[in-house]
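So the structure is just underneath, and the comments pick up after that.
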Amino acid sequence: MPELPDVEVYKQYIDATSLHQKISSVSVRDSRIARNFNGSQMDEWLKGKTLEKTARHGKHLFILAGDDVWMMWHFGMTGAVRYLKKERKNADYERVTFYFDNKYRLSYDARRMLGGIQRIEGPEDFIREKGLGIDALDPALDLDRARELLAGKRAMAKSTLMKQETIAGIGNIYSDEILFQARIHPETSMDHLDAKEFSTLFKTMKAVLKKAVDIRAEPSDMPATWITPRRQPGKPCPRGCGSRIQKKKVSGRSAYFCPACQEKK
DNA sequence: ACGCTTCCCTGGAGGC
DNA sequence: TGCCTCCAGGGAAGCG
């Protein structure tokens, strides 16, 4: 479920594998992924060019081809990227493929069609038009700035963290992780947090996202005290408090938390 | 302003 | 073995 850390890992993966290689062709296998171009247009635009650089904002990835073709890649729930040479036995989910002269290819994979690729003018325009908030790991987002954006909001902490128009990059999984580590109940209203709790929430948000990027968002490498790899109701609290993980719908999403560590206030 | 529901989309799980 | 329903959660959109 690609959130900020996952998309950052995809970005680094593309940077390490696919930049500066001449594109021989682009194949759009499922046109539902192509949001604003048809099957052959991307091939016409990119043939003979190279992917020059990437950028990320929240859950959105931007790729520049040549000197003027910007793409926005969004992954929905099931999107991923793969750099491959061999054919795959089951390539059903390979929706858009960028072939390079070196016989390798970069594939946009997606099981469900909840993501997409879009040609855009540029990242800044896209972010503005979309109304996306500041990226959660942007150094310019410090405690003061976070307070301006979040403090005093009456909405629940979980939905506030997940609101892309406020801060971009946090989804269901990482909002649960941040709230678990900060010991805040997902239904706590932002304006119920005192200064210390808010500061803890802010620092925890940064720490969790950074750590997740460090371990390449790999659940099996997450610390034993994290709740993410143990998102099942009834499992013991990973902090070892003796209580059990609870599941509850919060603003339309499944929230997992420890009712003892994250007391509702 | 905020939360809730519905919709999109595909596959896995569990009930019968 | 199969049919049915629910659920996963990225979003958009509409309603109260």
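Labels below follow one simple rule: chain letters A, B, ... track the order of the sequence lines, proteins then strands, and each chain is numbered from 1. Note that the coordinates shown come from a computational prediction; the quantities given were computed from them, not determined experimentally. Heavy atoms only: backbone and side chains are in, while hydrogens, waters and symmetry mates are out.
Regarding A:Lys158, its NZ atom lies at a distance of 13 Å from the P atom of B:dG3, rounded to whole Å. Computed from coordinates, the A:Lys163 NZ to B:dC4 P distance equals 13 Å when rounded to whole Å. Going from atom CZ of A:Arg231 over to atom P of B:dA13 covers 18 Å, rounded to whole Å. Atoms NZ (A:Lys248) and P (B:dG3) sit 13 Å apart, rounded to a whole Å. One can place CD of A:Gln118 at 19 Å from P of C:dG10, the figure rounded to the nearest angstrom. In this structure, A:Met162 atom CE and B:dG3 atom C1' are separated by 13 Å, rounded to whole Å. For the pair A:Leu161 CG and B:dG3 P, the interatomic distance rounds to 12 Å; values are reported in whole Å. Protein atom CD1 of A:Ile173 is 10 Å distant from nucleotide atom P of C:dA8, rounded to whole Å.
No hydrogens or angles were tested; on distance alone, a donor-acceptor pair under 3.5 Å links the side chain of A:Arg253 to the base of C:dG10.
In this structure, A:Asp6 contributes its side chain and A:Glu3 its backbone to a donor-acceptor pair below 3.5 Å. Proximity of a side-chain donor or acceptor of A:Lys206 to a complementary backbone N or O of A:Leu141 within less than 3.5 Å is detected.
Under the 4.5 Å side-chain criterion, counting only non-hydrogen atoms from C-beta, A:Val69 is in contact with A:Arg119.
Between the P atoms of B:dG14 and C:dG9, the separation comes to 16 Å (whole Å). One P atom belongs to C:dC3, the other to B:dC9, and the distance between them is 23 Å to the nearest Å.
In this structure, of B:dC2, B:dC4, C:dA8, it is C:dA8 that holds the atom nearest to the side chain of A:Tyr256. The nucleotide whose nearest atom lies closest to any side-chain atom of A:Ser254 is, among C:dG11, B:dC2, C:dA8, C:dA8.
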Inset, instruction - Determine, step by step, whether A:Phe257 and A:Lys248 satisfy the side-chain contact (heavy atoms from CB on, under 4.5 Å) criterion, reporting the C-alpha distance in whole Å, the side-chain angles of both residues, the deciding distance to 0.1 Å, and the verdict. - result: CA-CA 8 Å; A:Phe257 60 100; A:Lys248 188 179 183 187; 3.9 Å; yes
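Side-chain N/O atoms of A:Ser159 include one lying less than 4.0 angstrom from OP1 or OP2 on B:dG3. Listed pair A:His74 / C:dG10 fails the phosphate criterion, with no side-chain N or O lying under 4.0 Å from OP1 or OP2.
The distance between the ring centers of A:Tyr13 and A:Tyr83 does not fall below 6.0 angstrom.
Of the charged side-chain nitrogens involved, none lies within less than 4.0 Å of a carboxylate oxygen, so that A:Lys211 and A:Asp214 do not count as a salt-bridged pair. In this structure, A:Asp142 does not pair ionically with A:Arg145, as no charged nitrogen and carboxylate oxygen lie closer than 4.0 Å.
Within the 4.0 angstrom heavy-atom criterion, only backbone atoms of the sugar-phosphate kind lie near A:Lys130; the bases stay farther away. Counting non-hydrogen atoms under 4.0 angstrom, A:Lys247 reaches the backbone sugars and phosphates but no base.
Inspection of the A:Lys22 and A:Asn102 side chains reveals no N or O donor paired with an N or O acceptor under 3.5 Å.
Summary of the strand contacts: A:Lys59 and A:Lys249 both lie near DNA chain C, and taking for each the nucleotide with the nearest heavy atom, the more 5' one is attributed to A:Lys249.
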What nitrogen or oxygen pairs link the protein and nucleotides 8-12 of chain B at under 3.5 Å?
unit_1: B:dC9; atom_1: O2; unit_2: A:Arg112; atom_2: NE; d: 3.1
unit_1: B:dC9; atom_1: O2; unit_2: A:Arg112; atom_2: NH2; d: 3.1
unit_1: B:dC9; atom_1: N3; unit_2: A:Arg112; atom_2: NH2; d: 3.2
unit_1: B:dT10; atom_1: OP1; unit_2: A:Arg32; atom_2: NH1; d: 3.1
unit_1: B:dT10; atom_1: OP1; unit_2: A:Arg32; atom_2: NH2; d: 3.2
unit_1: B:dG11; atom_1: OP1; unit_2: A:Tyr93; atom_2: OH; d: 2.9

